[in-house]
Peer 1: 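Got a structure for you, questions after.
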Amino acid sequence: MPKDPKPQPQVESFSALRNPIVSLPAFGHVLDQATGKEILYDPKRITTDLQTTLLSYLGNPPKNELGHNRWLCLLGYRQGGKSLCAELGAYALTAYTPGHDHVCIADTKHRADYLHQRVHFNHKRWDEKFRSPTVPNRESRQLTFDSKFGGRMRTLSAESGAVGIGQSPDSVHISEIGFFSSPGTIMNLMLPSIINREHATAVVECTPVPSGAPGARYWQDLFNSAKRGKGRWLAAFFPFWDNKLAQRPWPVNSKPDKEELELYEQYHTKGLRWENLAFRREM
């Protein structure tokens, strides 16, 4: 008997599925950071607000006074899944928006490939009844959907020359920009490709970087500009205690030192707990 053809997603469901805050918890799959096991994606599993903020931005980006989408500049802690979350959010946008062009630029080719592999991991495990069909493509760092259903996702490396020239993306994700060797050059090449695209979204994210890193000064200036609301930028900062894994039991009969007491006094109203300070001790 011939096999039944693969089910095709229904066009009428696209408006809901292209919103990552809706579709990712329903169909997305990741490897759990704590256990290493494959699980259904949950933006609240390891972060309190970081991942939900990212997905909310991509699903419903705020507008400026001209009606243009704002661009998000995000400063966050290590191992919070911000890079992967941004790519999975872009997956939902791209898979269910015909013609959508998404570009991810990571600091190295290795990280660009790694992020793209995780996107493929999610795509292969998406419910077949709702999975947007893809077309064959020989490029290993590109995911191209059937044009009736979606667009394409591409990954680039900051190590490549002239990154941004000849591009016209609908969404851009720039990962760990503070570790780029020439972030100003790359941004000066990329931003003109989206500055007049009022619907374009952009996520630029990074962790705190050492002062001697080549992109440290540019990243600091960009984030401070975003905090002031300059241009189309807006800023979001997440301290390490937003990470639900960054906590340990407070040691029995242990007293906090002067610095720990000062930190608790200053930040406990913003979410810092003694368990987070115990984690800080371990680090």
Side-chain angles (χ1 to χ4, degrees), residues 3 5-24 26-31 41 54-55 57-59 61 69 83-175 186 189-190 193-194 197 199-204:
K3 294 182 179 180
K6 287 185 178 181
Q8 296 289 304
Q10 300 299 309
V11 173
E12 55 268 22
S13 67
F14 282 10
S15 60
L17 291 173
R18 70 170 59 106
N19 187 337
I21 204 73
V22 174
S23 57
L24 280 177
F27 304 119
H29 284 79
V30 295
L31 292 175
Y41 175 76
L54 258 176
L55 297 184
Y57 166 76
L58 291 170
N69 285 347
S83 296
L84 179 57
C85 177
E87 281 303 282
L88 292 180
Y91 169 85
L93 286 174
T94 310
Y96 301 106
T97 308
H100 188 95
D101 184 22
H102 173 73
V103 175
C104 170
I105 305 175
D107 52 326
T108 66
K109 180 181 182 299
H110 174 75
R111 283 199 68 253
D113 291 344
Y114 175 80
L115 284 172
H116 201 54
Q117 288 167 5
R118 289 301 178 93
V119 171
H120 276 274
F121 178 92
N122 169 73
H123 173 70
K124 291 176 181 177
R125 289 157 178 79
W126 204 266
D127 190 321
E128 276 196 291
K129 296 191 297 294
F130 300 97
R131 186 165 61 204
S132 186
T134 57
V135 298
N137 193 300
R138 294 182 179 180
E139 294 187 32
S140 61
R141 299 166 72 188
Q142 184 167 305
L143 185 61
T144 305
F145 297 95
D146 186 312
S147 60
K148 297 191 298 293
F149 300 94
R152 65 172 177 165
M153 301 184 71
R154 296 175 289 137
T155 54
L156 304 172
S157 166
E159 299 169 325
S160 305
V163 176
I165 291 293
Q167 312 284 344
S168 56
D170 299 290
S171 58
V172 176
H173 170 211
I174 297 180
S175 178
I186 289 172
L189 293 174
M190 176 56 72
S193 70
I194 60 173
R197 298 170 70 81
H199 69 285
T201 59
V203 173
V204 178

Peer 1: So, applying side chain to side chain contact (heavy atoms under 4.5 Å, CB included) with L58, which one of L88, I21, T201 is it?
Peer 2: T201
Peer 1: Can you list everything that forms a side-chain hydrogen bond (donor to acceptor under 3.5 Å, both in side chains) with S83? Sequence neighbours excluded, please.
Peer 2: R111, S175, E205
Peer 1: Which distance, rounded to the nearest 0.5 Å, do you find between the CZ of R118 and the SG of C85?
Peer 2: 13.5 Å
Peer 1: Inspect the surroundings of NE2 in H110 and state if more than 12 heavy atoms from other residues, nucleotides or ligands are less than 6.0 Å away.
Peer 2: no
Peer 1: For Y91, which residues count as a ring pair (Phe, Tyr, Trp, His ring centres under 6.0 Å) partner, sequence neighbours excluded?
Peer 2: H123, W126, F145
Peer 1: Keeping the roles fixed (side chain from D146, backbone from T134), state whether a donor-acceptor pair exists under 3.5 Å.
Peer 2: no
Peer 1: Could you tell me whether the side chain of R125 and the main chain of F121 form a donor-acceptor pair under 3.5 Å?
Peer 2: yes
Peer 1: Are L17 and F27 close enough, and set up right, to give a side chain to side chain contact (heavy atoms under 4.5 Å, CB included), and what steps lead you there?
Peer 2: CA-CA 10 Å; L17 291 173; F27 304 119; 3.6 Å; yes
Peer 1: For the atom pair CD1 (I174) and CD1 (I105), what is the distance rounded to the nearest 0.5 Å?
Peer 2: 4.5 Å
Peer 1: Would you please classify the geometry between the H116 ring and the H120 ring as parallel, tilted or perpendicular, with 30° and 60° separating the classes?
Peer 2: perpendicular
Peer 1: Please report the closest heavy-atom contact between A86 and L54, naming both atoms and the distance.
Peer 2: N-CD1, 4.1 Å
Peer 1: Starting at CZ of R18, measure out to OG1 of T94 and round the result to the nearest 0.5 Å.
Peer 2: 11.0 Å
Peer 1: Just to verify, what does P169 make a side-chain contact (heavy atoms from CB on, under 4.5 Å) with, not counting sequence neighbours?
Peer 2: D101, V103, Q167, V172, M190, S193, I194
Peer 1: Checking R197 against N69 for the side chain to side chain contact (heavy atoms under 4.5 Å, CB included) test, could you report, in this order, the C-alpha distance in whole Å, the side-chain angles of both residues, the deciding distance, and whether it holds?
Peer 2: CA-CA 9 Å; R197 298 170 70 81; N69 285 347; over 6 Å; no
Peer 1: What's the verdict on side chain to side chain contact (heavy atoms under 4.5 Å, CB included) for D170 and H199, showing C-alpha distance, side-chain angles and the deciding distance?
Peer 2: CA-CA 7 Å; D170 299 290; H199 69 285; 2.6 Å; yes
Peer 1: Enter the distance from L115:CG to T155:OG1 here, rounded to the nearest 0.5 Å.
Peer 2: 8.0 Å
Peer 1: In Å and rounded to the nearest 0.5 Å, what is the OG to CG distance from S23 to D127?
Peer 2: 12.0 Å
Peer 1: Hey, what do you get for CG (L143) to CZ (R154), rounding to the nearest 0.5 Å?
Peer 2: 12.5 Å
Peer 1: Of all heavy-atom pairs between A112 and A106, which one has the smallest distance, and what is that distance?
Peer 2: N-CB, 3.6 Å
Peer 1: Any heavy-atom pair between the side chains of E87 and H102 that's under 4.5 Å?
Peer 2: yes
